[in-house]
Amino acid sequence: MEIKKGIGVSPGVVISTAVVLDAEDLLIPKRQVPADEIPHETARFNEAVTRSLEELSVLRDSVAAKHGKEISGIFDFHLGVLRDKGLLTQVASEIKNNHSTAEYAVSMVMRRYANAFLGMSDRYLSERVKDIYDIEKRVLHNLIGQKQQDLLRLTTDVVIIAHDMLPSQTAALDRLHVRGFATDAGGRTSHTAIVARAMGIPAVVGLGNITSEVNGGDTVIIDGNHGVVIINPDEQQLAEHRETERRRLHVEHELSALRDLPAETKDGHVVSLQANIEFPAEVDDALDKGARGVGLYRTEFLFLANEVEPTEEVHFEAYADALRRLSGRPLVIRTLDLGADKYTQAKAQNPERNPFLGDRSIRMCLHDIPMFKRQLRAIMRASVLGDVRIMFPMISTLMELRQAKMVLNDVMEELEDEGVTFRKDIPIGMMMEVPSAAIMADNFGKEVSFFSIGTNDLIQYTLAVDRTNEKVAGLFCPAHPSVLKLVRDVIRAGARNSIGVSVCGEMAGEPLYTLLLLGLGLNTFSMNGPDIPEVKKIIRSVTMEHAKQVARRVMSFDSERQVMHFLREETRKIDPEAF
Ligand code: PEP
Ligand code: MG
């Protein structure tokens with residue numbers, strides 16, 4: 001048995017038999033053809049491109065239908081590269097001038113493309129290099145006559161172990177039989193990770209050398225929640241995980257009955273459970289899990305499939321799509337939260353030394369007013385299509401909030417001058433994720449319609465723990481009394497100012513904290529869709545009075561260990577199947 005720690009990028013725990021994908025790097029020998037074969041080689045290349053374009057269009061359309069345009073946009077990038085006249089001319093010239101075979105010409109030119117990306121030496125673009133390899137491999141397979149590694153014809157359940165999964169491979173996985181995957185390479189913001197998450201396939205990446213430690217046929221546990229892979233688990237481990245899986249399936253089945261019931265305590269106190277989404281298509285699954293709306297739409301994911309900034313129309317289409325799916329339920333659109341670990345930092349010419357404390361989120365938007373306005377215009381235009389609310393992220397000073405609202409006012413005036421209709425009294429809220437704002441919550445409460453506590457960042461900034469650094473992951477803890485005091489004070493400030501307060505960080509979806517948050521008076525919980533049923537079950541099993549007692553007791557502790565221990569005990573008393 002061996003336990004390996006990587007980065008959990010898509011949640012869920014699975015046990016299955018491993019299929020190890022070979023490093024598929026095709027060896028293309030340098031070979032020349034006589035002059036009279038040049039037209040034939042050129043024709044072969046053109047045919048391979050045509051076939052690849054056809055395959056990609058089919059793939060794009062099926063991914064768009066299943067998972068939405070944001071993910072399928074990755075394949076628009078592939079299609080764009082393959083239609084690029086510069087690329088096609090370079091390959092044709094390589095064949096013509098150097099008498100190269102079509103295979104060799106393709107690999108030469110594509111490597112040149114890849115090197116151009118690599119030369120820029122940043123992380124965002126290095127993810128794009130993988131897309132270039134993906135395209136190269138597809139064209140080569142079509143030239144050589146082999147089909148891409150075909151994982152579509154599986155007949156039994158497997159987990160896939162690979163050096164890396166290309167975005168297109170991931171999107172084409174057979175959801176029925178591929179239970180999970182684990183890779184040597186990869187990072188949290190890679191396309192592959194995001195596609196896996198949207199497809200609901202548990203995944204752990206960044207494991208270093210998992211491909212050399214697993215043999216095909218080995219039994220493997222992939223725990224996407226904790227970023228752990230266990231190779232050939234012993235009987236005890238296996239039994240534990242089987243039990244976890246059995247419980248999960250049982251609980252899932254049982255919980256599906258709660259779907260249409262309100263999140264109401266035994267003594268009639270009702271709260272709203274909403275979903276966090278990255279793509280409009282996720283709305284359907286969230287509603288299926290019982291979400292009453294979207295409490296956090298992370299719009300920065302619109303940058304995922306685009307090399308360039310999304311246009312106003314791209315923003316608008318995405319919002320309109322989400323609103324159509326929500327049929328009148330609320331949609332909290334968070335304005336762009338770029339920077340730090342999300343997209344732009346890696347593209348920057350001069351990367352920041354401390355990006356989490358740098359030009360991120362609302363700060364970046366206020367430094368790029370045209371970009372900010374494009375998004376705000378789209379949100380306001382969409383505001384007449386449903387229950388839209390705006391939320392500004394990472395506000396740390398009152399001045400910042402006022403500036404953001406001023407830009408929004410400018411946008412409203414412009415739209416009015418253009419005769420465009422929009423909702424003038426759109427609710428404007430802010431994220432509470434920086435301690436300076438949480439401490440001043442009373443002042444902020446007079447200037448916004450709602451707060452949403454982003455515990456992921458609030459913990460990071462309160463405890464000085466980088467949320468992406470695995471070396472200090474043990475210190476990242478929602479139960480730290482300092483964090484809990486800030487959460488409590490924000491909820492109180494919300495009540496004093498008669499405005500709504502939600503928590504939209506991961507803490508909201510962790511059953512361990514449900515009793516506490518409820519008892520502190522939280523009225524909206526926003527979480528990943530799959531977490532909703534379990535949280536609802538706990539809420540429906542307790543009285544508000546009991547939750548308040550729990551909260552009072554928790555707030556008297558001075559260590560996170562005491563808090564967690566007490567919450568675990570109390571939660572198990574009312575829901576023995578929790579955790
Ligand atoms: C948070 O910080 O808690 C949050 C919800 O935002 P994100 O995870 O996108 O930073
Ligand atoms: Mg945040």
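All ligand and atom numbering here is 1-based and tracks the order in the structure. All figures in this text were calculated on a predicted structure; none of them were measured in a lab. Side-chain atoms are counted along with the backbone in the values below, which use heavy atoms only and exclude waters and symmetry mates.
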*asked:* Out of all atoms in ligand 1, which are within 4.0 Å of some heavy atom of C504? Include the element for each.
replied: 5 (C)
*Are side-chain N/O atoms of S502 and S452 paired as donor and acceptor at under 3.5 Å?*
yes
*asked:* Does only the side chain of M507 get under 4.0 Å from ligand 1, or the backbone, or both, or neither? Count heavy atoms.
replied: neither
*Contact flag D457/the Mg ion (ligand 2), N/O/S atoms, threshold under 2.8 Å*: yes
*asked:* In this structure, does ligand 1 have an atom that sits under 4.0 Å from one of the heavy atoms of E506?
replied: no
*Which atoms from ligand 1 have a heavy atom of L296 less than 4.0 Å away?*
5 (C)
*Without hydrogens or angle criteria, can the side chains of E313 and T311 be said to hold a donor-acceptor pair below 3.5 Å?*
no
_I'd like to know whether CE of M440 has more than 12 heavy-atom contacts from other residues, nucleotides or ligands below 6.0 angstrom._
no
*Does CZ in R561 sit with more than 12 non-hydrogen atoms of other residues, nucleotides or ligands closer than 6.0 Å?*
no
*D337 and ligand 1 - part of the residue with a heavy-atom distance under 4.0 Å*: side chain
*asked:* Measuring only between side-chain heavy atoms, which start at C-beta, is M544 closer than 4.5 Å to L518?
replied: yes
*Under 3.5 Å side-chain donor-acceptor pair for T183 and D164*: no
*T299 and Q375: side-chain donor and acceptor closer than 3.5 Å?*
yes
*asked:* Heavy-atom contact check, 4.0 Å cutoff: does M431 meet ligand 1?
replied: yes
_If I apply the N/O under 3.5 Å rule, does E300 come out as touching ligand 1?_
no
*Just which atoms of ligand 1 are under 4.0 Å from any heavy atom in D457?*
1 (C), 2 (O), 3 (O), 10 (O)
_ligand 1-proximal atoms of I453, by part, heavy-atom distance under 4.0 Å_ = neither
_contact_flag R467 ligand 1 heavy-atom lt 4.0 Å_ = yes
*Could you pull out the atom name of the N/O/S atom in E433 that is nearest the Mg ion (ligand 2)?*
OE1
*Count the heavy atoms of every other residue, nucleotide or ligand shown that sit under 6.0 Å from NZ of K485, and state whether that count exceeds 12.*
no
